[in-house]
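Proteins get letters first, then strands, A, B, ... in listed order; numbering begins at 1 in each.
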Amino acid sequence: MDYMLAFLEGLNSKQRAAVEAKDGPTLVLAGPGSGKTRVLTSRIAYLIGLRGIAPYRIMAVTFTNKAAREMRDRIAQLVGASKTADLMIGTFHSICARLLRREAARAGLDRDFSIYDADDQLSVVKAALADLKLDEKKYKPASIHAAISAAKNELITPEEYRAESYFQEIAGRVYARYNAILRANNALDFDDLIMETVRLLRSDPIVCERVRERYLHVLVDEFQDTNLAQYALIKLIAGRHRSLFCVGDADQSIYAWRGADYRNVLRLREDYPDLTVITLEQNYRSTQTILDAAMSVIRKNPNRIHINLSTQRGHGPKIAVRELFNEDEEAQFVVDTIEELVRQKAAEPGEIAVMYRTNAQSRPLEEAFIRAGMPYRLVGATRFYARKEIKDVLAYLRIINNPADAVSLKRIINVPPRGIGEKTYEQLQNTAQALGVSCLDVLNRGEFSAPGRAGRALQEFGARWAQWVRLRGELSVGQLFDYVLQTSGYEEYLRDGSAEGEDRWANVLALRNVAVEAGDTMLSEFLSNVALVSDVDNYDETANAPTLLTLHAAKGLEFKVVFIVGLVEGVLPHSRNLDDPEQIAEERRLMYVGITRAKERLYLLRPFRRSQWGDSEITEPSRFLADLPDSVVDSKPRKNSELLQATATWQSAPAKPSANSRFKPGDKVVHPRFGQGLVLRSTPTRDDEEVEVFFFDAGGKRLSAAMSGLRKLKE
DNA sequence: CTTGCTACTCTTTTT
DNA sequence: GAGTAGCAAG
């Protein structure tokens with residue numbers, strides 16, 4: 001308890017006021033690095049430790065499972081580990097999954113429902129399109145799915161779905177079929193977890209009462225990233241006691257594309273007129289230089305309440321803005337600079353992060369790290385749980401847990417190859433549908449027989465499957481895992497003698513560890529847990545190596561040194577978001593989030609060229625770079641037109657004809673006197689070519705291709 | 001039913 | 001340029 005009091009002493013007066021706020025509706029609005037999560041954690045510890053609230057009466061919603069785990073550990077330190085076991089802490093999705101399993105009967109669900117990830121969801125959309133005889137080429141499954149997801153995030157059922165365009169008309173029809181398939185497979189998608197929970201609480205007064213009575217205090221982290229469905233859920237649960245404590249920052253709202261609506265902040269004010277709003281402006285993370293840069297970028301967004309970020313940490317070094325030739329040289333610069341920083345003891349490798357807009361940008365970076373023999377941590381990209389071998393093994397476990405899961409069955413019924421082809425599977429599926437039972441039942445009852453080899457293979461598979469299902473009750477998750485691997489033939493199939501096969505097998509073994517560690521967790525719960533892990537959840541805290549991650553994944557994290565790469569128009573802001581001011585505003589917030597991850601040093605990198613679809617093109621610097629005041633950067637990025645202006649002159653020099661004519665914008669060239677440069681423009685003249693080049697050392701020049709001795713460099 | 005070839009999309013961001 | 005879907009041949 002003394003420890004707890006000392007901890008509260010460590011907060012400033014405003015933070016402490018927030019922690020000790022009265023139990024009414026409260027919103028803490030605060031900038032980055034202000035200790036929002038710390039305030040939330042402290043409040044829970046305060047409620048348990050000093051106010052004597054029973055832990056099971058507190059529900060806290062975090063954005064990732066990692067955040068939940070850290071919060072639980074921290075609270076354990078403050079009030080004792082025995083008091084954190086009953087705390088309901090988790091993401092919206094994990095909390096809803098638990099609730100729905102517990103109340104499955106009343107929700108009209110089978111408690112062993114599968115949770116379909118993005119991949120599975122797309123297969124269901126494809127199946128729905130096929131059922132409706134719609135062309136995948138014409139209606140892209142991803143777009144249809146986005147429309148369905150958007151509807152679910154706003155709690156719109158297929159029946160309520162209003163189409164305002166022909167595309168939406170189609171989407172509405174697919175939505176209905178999509179949901180029907182999910183139900184037939186006894187499966188929920190991510191969005192269903194929230195939507196079904198809201199539906200349950202709204203339609204079932206008994207369950208609703210039970211939940212409301214139980215959760216005396218509801219706390220929400222990253223409130224700006226909640227969508228309408230999540231907001232509705234919060235209101236439902238916090239209904240009776242009205243002890244609702246939300247923490248957020250509208251400037252860090254970067255998930256509008258998946259339904260997050262920062263106007264929930266406004267709704268909260270409307271729905272709770274007695275809302276207490278507490279603003280925290282003090283920053284404990286970054287230097288003033290970094291905060292000034294962040295503010296100068298975010299200030300350009302319209303309709304926002306400005307939070308003036310200030311710190312006691314001094315100014316620190318200026319922000320380094322660098323122009324590099326392409327992604328490869330950019331990556332090389334990152335690696336070289338990291339080596340230098342580490343050598344100078346300016347930072348440990350583990351305190352450094354490299355951030356980018358899209359996952360694809362990690363590749364040149366990875367190659368540079370590998371070339372330099374420098375270890376690194378990669379968050380996201382080919383996600384562990386999205387790997388083929390992992391999804392296959394999980395599919396085996398899913399059909400055991402939930403025999404109705406046809407998406408998983410289809411995935412593995414012929415992996416390894418058993419001679420059960422598309423046709424055979426389809427017939428089996430049709431029979432099951434006609435009888436209204438699962439494929440397992442069909443096989444068990446011998447109501448379906450295929451001729452010849454396929455028939456025998458099917459019979460054998462059915463017997464195996466039935467045996468696994470029987471063993472499910474007797475074996476732990478880990479034991480079942482081993483048994484399935486042994487008896488399915490998957491191990492021999494995977495380990496085909498190739499190095500790649502061994503890699504994949506290693507991944508399966510890593511999953512096996514997770515299964516073994518699950519102990520006596522129920523199979524359904526184990527599968528829930530692995531379906532809902534996020535990328536940062538797998539982040540290895542202990543490794544002392546730089547981290548590579550997207551700007552989205554970086555939210556909530558901080559690093560001593562941050563590199564942001566690829567700061568060019570079309571990447572950040574992304575080309576798909578250029579026409580809509582709302583979307584530009586979100587890209588700007590993304591830049592803001594990136595900048596404010598840095599504690600001490602920030603590097604902003606701009607490549608002159610970017611490659612895409614095999615070839616590459618010249619770029620313009622990101623508009624966000626232009627917003628940085630001279631006082632915070634050590635050099636200013638220039639637009640391509642500005643690069644030429646400085647010293648543009650005709651240069652007539654050694655009369656040596658150029659070896660290769662035809663220069664293109666973006667070519668890297670070398671000149672005997674000016675060194676290396678970049679072609680920005682090239683105009684053919686009568687029997688020559690006028691080339692405008694930005695030389696990295698000598699500045700802009702206009703040259704004759706034939707006369708100047710300019711040469712193209714191999715890339 | 002499996003294998004191997006060709007043609008085509010694809011790049012946001014994620015629970 | 002790569003990964004995959006779709007198709008034809010074995």
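In this structure, NZ of A:K126 is placed 9 Å from C1' of C:dT4, rounded to the nearest angstrom. We find that NZ of A:K138 is positioned 19 Å from P of B:dC8, with the value rounded to whole Å. Separating the CG atom of A:L458 from the P atom of B:dC1 is a distance of 11 Å, rounded to the nearest angstrom. Atom P of nucleotide C:dA5 and atom CG of A:L122 are separated by 10 Å, given to the nearest angstrom. Straight-line distance from the NE2 atom of A:H552 to the P atom of B:dT15: 11 Å, rounded to whole Å. Taking atom OH of A:Y493 as the reference point, atom P of B:dT2 lies 10 Å away to the nearest angstrom. When rounded to the nearest whole Å, the span between OH of A:Y425 and P of B:dC1 equals 14 Å. Taking atom CG on A:N529 and atom P on B:dT15, their separation rounds to 15 Å, with Å as the unit.
A close approach under 4.0 Å does occur between a side-chain nitrogen or oxygen of A:T550 and OP1 or OP2 of B:dT14. Put simply, A:N359 has a side-chain N or O that comes within less than 4.0 Å of OP1 or OP2 on B:dT13. Proximity of A:N227 to the phosphate of B:dT15: no side-chain N or O atom is located under 4.0 Å from OP1 or OP2. Regarding contacts with the backbone of B:dT15, every side-chain N or O of A:T64 stays at 4.0 angstrom or more from both OP1 and OP2.
When the side chain to side chain donor-acceptor pair (under 3.5 Å) test is applied to A:R72, no partner is found at least two apart in sequence or on another chain. The salt bridge (charged side-chain N to carboxylate O under 4.0 Å, His left out) search around A:R98 returns none, not counting sequence neighbours. Taking A:D328 as the reference, nothing meets the salt bridge (charged side-chain N to carboxylate O under 4.0 Å, His left out) condition, with sequence neighbours excluded. Applying the side chain to side chain donor-acceptor pair (under 3.5 Å) criterion to A:T226, with sequence neighbours excluded, gives A:N264.
Comparing B:dT2, B:dT15, C:dA5 by their closest approach to the side chain of A:N414 singles out B:dT2. When distances run from any side-chain atom of A:R363 to the nucleotides B:dC1, B:dT15, C:dA2, the shortest one goes to C:dA2.
Centroid-to-centroid, the aromatic rings of A:Y255 and A:F63 come within less than 6.0 Å.
Taking the nucleotide of DNA chain B with the nearest heavy atom to each of A:A531 and A:R418, the more 5' of the two is matched to A:R418. The residue among A:H574 and A:T91 whose nearest nucleotide of DNA chain B lies closer to the 5′ end is A:H574.
Within 4.0 Å of A:K140, counting heavy atoms only, lie sugar-phosphate atoms of the nucleic acid but no base atom. Within the 4.0 angstrom heavy-atom criterion, only backbone atoms of the sugar-phosphate kind lie near A:I420; the bases stay farther away.
The closest donor-acceptor contact from the side chain of A:N401 to the backbone of A:D112 lies under 3.5 Å.
Contacts between residues 246-258 of chain A and DNA chain B, counted as heavy-atom distances below 4.0 Å, involve A:Y255, A:W257, A:R258.
The stretch residues 407-416 of chain A participates, sequence neighbours left out, in these salt bridge (Lys or Arg N to Asp or Glu O under 4.0 Å) pairs: A:D392-A:R411, A:K410-A:E422.
Under a 4.0 Å N-O distance rule, the pair A:E491/A:R495 qualifies as a salt bridge.
Separation of the C1' atoms belonging to C:dG6 and B:dT11 is 23 Å when rounded to the nearest angstrom.
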